[in-house]
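Okay, structure first, notes after.
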Amino acid sequence: MSRNVDWSKLCPDLLRSIFESLSSLDFHRAKTVCSNWYTVSRTCPLYPWRIVLQGQNSLLYDPIQDKIYHKNLLGIDLSEVHCLASYSNWLLLVDPCLHFHLLNVFTRETINLPSLDSSLRDTPYRFIRNDLFECFLELYGTKFLVTWDDFKFSKTAVLWINERNGDFIVAWAIKQFYIFSYKKMANDGDDERWSITCTQCEDMAYKDNKLYVYTYDHYINVLDFSGDYPKDTLEGNHYLNHPFPFVDTIYKMRISIANSGEVLIALSLKEINRKFCICKLNLEVGEWERVDSLGDEMLIFGHGVTIRGPVKDRGIKCDSICFIDDDHLSDNYLATRRDANCGVFDLATRRITWHTRLDDRSSKIYWFVPGQA
């Protein structure tokens, strides 16, 4: 009897069971063994970690295993960057000189995106650098000043990356009416030009080659990224004729795409008895309705897509919303922020579980989802 075993062809159910018994770091190592293991790993539940950016170091916290990992990020001063978006192990960062980077928080690999000074794709717009820290966006002689401070509070951006082949897409909005995007695919050659799309943008989310854009008049536009440059999608956009009924009890709103492809609108509310809720469009009646449950999925407020979350409640579980304190209007603002700066809202119980503060007040904290694919 031969003892040769092809470990790449283990039964998917058995392999999934093994994956779910591993520590987070071992799980992320194991899924890179071969393409079959990677495929099975994508069916396993994921859960968010917290990352704290402190000077030239980062602190990674695994909330389920209650472990803290310290990472030195090779001379990058994280107090001098804004984190605009995250996807899997990667962050989208912008520095004071308006240079954009992708950073892998585990391997410390960095990808530098093309300079804004480079030409924009097929457009009359161009960037003119005023000095080291300022640029002008120019159109037919009219100039708009763009600085690092524009990204301090308005972090409307998305990142998607395929860690198997290095393909990625980034998009960010500026001045409420311009979306800049950059698409890098393995077969695209050396084209390093940004695309610009003129559209209202309050928030955005990306999934399966489509960028969903929530506008200031409460409609949702869809941009198709499957081609060489983004195009407006009118046919098949069910949301185009159904604006969201925005009301004064909303503190903040973010859009997210469920695994089914449905658009969800997550709301942070000013109500006392309900701090968060989720809505989706009922296509049969053409009205937006509240969603009572996400099932086996969960989301990070502002992250853009849902993930399949853990069923067991170990501080993080499915059918919940992770958020940071700026996303939440606390009833007791000062007292809450002394002890915690992020939490998890349970959709079923409508209760918030606050997570212990891991950082000083000068640090920057974010949720991210290691291994997201």
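Being a predicted model, the structure only gives us computed values, none of them experimental. Keep in mind that the numbers below use all heavy atoms, side chains included, and drop hydrogens, waters and symmetry copies.
- With Q200 contributing its side chain and Y216 its backbone, the two residues share a donor-acceptor pair below 3.5 Å.
- For the pair V344 and W354, the minimum side-chain heavy-atom distance is 4.5 Å or more.
- Ring orientation note: the planes of F345 and F276 are tilted relative to one another, at an angle of 30° to 60°.
- Contact check for I265 versus I278: no side-chain heavy atoms found under the 4.5 Å cut-off.
- The closest side-chain heavy-atom distance from W367 to C342 is below 4.5 Å.
- The distance from atom OH of Y178 to atom SG of C198, rounded to the nearest 0.5 Å, is 6.0 Å.
- Of the possible donor and acceptor atoms, none in the side chain of W90 sits under 3.5 Å from a partner among the backbone N and O of L159.
- Between L211 and F225, the closest side-chain pair of non-hydrogen atoms falls below 4.5 Å.
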Run the numbers on D224 and S226 for side chain to side chain donor-acceptor pair (under 3.5 Å), then give the verdict. CA-CA 6 Å; D224 184 358; S226 61; 2.8 Å; yes
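- If you check the side chains of T215 and E202, you find no donor sitting under 3.5 Å from an acceptor.
- Under the 3.5 Å distance criterion, the side-chain polar atoms of N89 are left unmatched by any main-chain donor or acceptor of N104.
- Judged by the 6.0 Å distance and 45° axis criteria, K143 is positioned over the aromatic ring of F136.
- With no hydrogens or angles considered, a side-chain donor-acceptor pair links N282 and E289 at under 3.5 Å.
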Evaluation steps, ring pair (Phe, Tyr, Trp, His ring centres under 6.0 Å), between Y229 and W194: CA-CA 9 Å; Y229 56 89; W194 291 88; over 10 Å; no
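- Remark: the H101 side chain and the D95 side chain contain an N/O donor-acceptor pair separated by less than 3.5 Å.
- In this structure, the side chain of D319 engages the main chain of L294 through a donor-acceptor pair within 3.5 Å.
- A salt bridge links R126 and E138; the closest N-O separation between the charged side-chain nitrogens and carboxylate oxygens is under 4.0 Å.
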As a quick check of understanding, evaluate salt bridge (charged side-chain N to carboxylate O under 4.0 Å, His left out) for E262 and K280, giving each step before the final call. CA-CA 8 Å; E262 292 179 299; K280 72 175 183 179; 3.4 Å; yes
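- Residues M253 and I255 are in side-chain contact: their nearest non-hydrogen atoms beyond the backbone lie under 4.5 Å apart.
- Here the side chain of W148 pairs a donor or acceptor atom with the backbone of V94 at under 3.5 angstrom.
- Between the side chains of D62 and Y47, at least one donor N or O lies within less than 3.5 Å of an accepting N or O.
- T39 places a side-chain N or O within 3.5 Å of a backbone atom of S35 that can act as its donor or acceptor partner.
- Between F127 and V146, some side-chain heavy-atom pair lies under the 4.5 Å cut-off.
- When side chains are defined from C-beta on, L102 counts as touching F168, because their heavy atoms get closer than 4.5 Å.
- Classification of the W172-F151 ring pair by plane angle, with boundaries at 30° and 60°, yields perpendicular.
- At least one donor-acceptor pair closer than 3.5 Å links the side chain of K252 to the backbone N or O of D326.
- No hydrogens or angles considered: a donor-acceptor pair under 3.5 Å links the side chains of D66 and Y61.
- In this structure, Y239 contributes its side chain and V263 its backbone to a donor-acceptor pair below 3.5 Å.
- Side chain of E287 to backbone of L281: no donor-acceptor contact under 3.5 angstrom is found.
- With contacts defined as side-chain heavy-atom distances shorter than 4.5 Å, the pair V213/I220 does not qualify.
- Formation of a donor-acceptor pair under 3.5 Å by the S181 side chain with backbone atoms of V170 is not found in this model.
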Which is it for D346 and K317 under the salt bridge (charged side-chain N to carboxylate O under 4.0 Å, His left out) test, yes or no, and what are the steps along the way? CA-CA 9 Å; D346 188 312; K317 71 177 187 68; 3.3 Å; yes
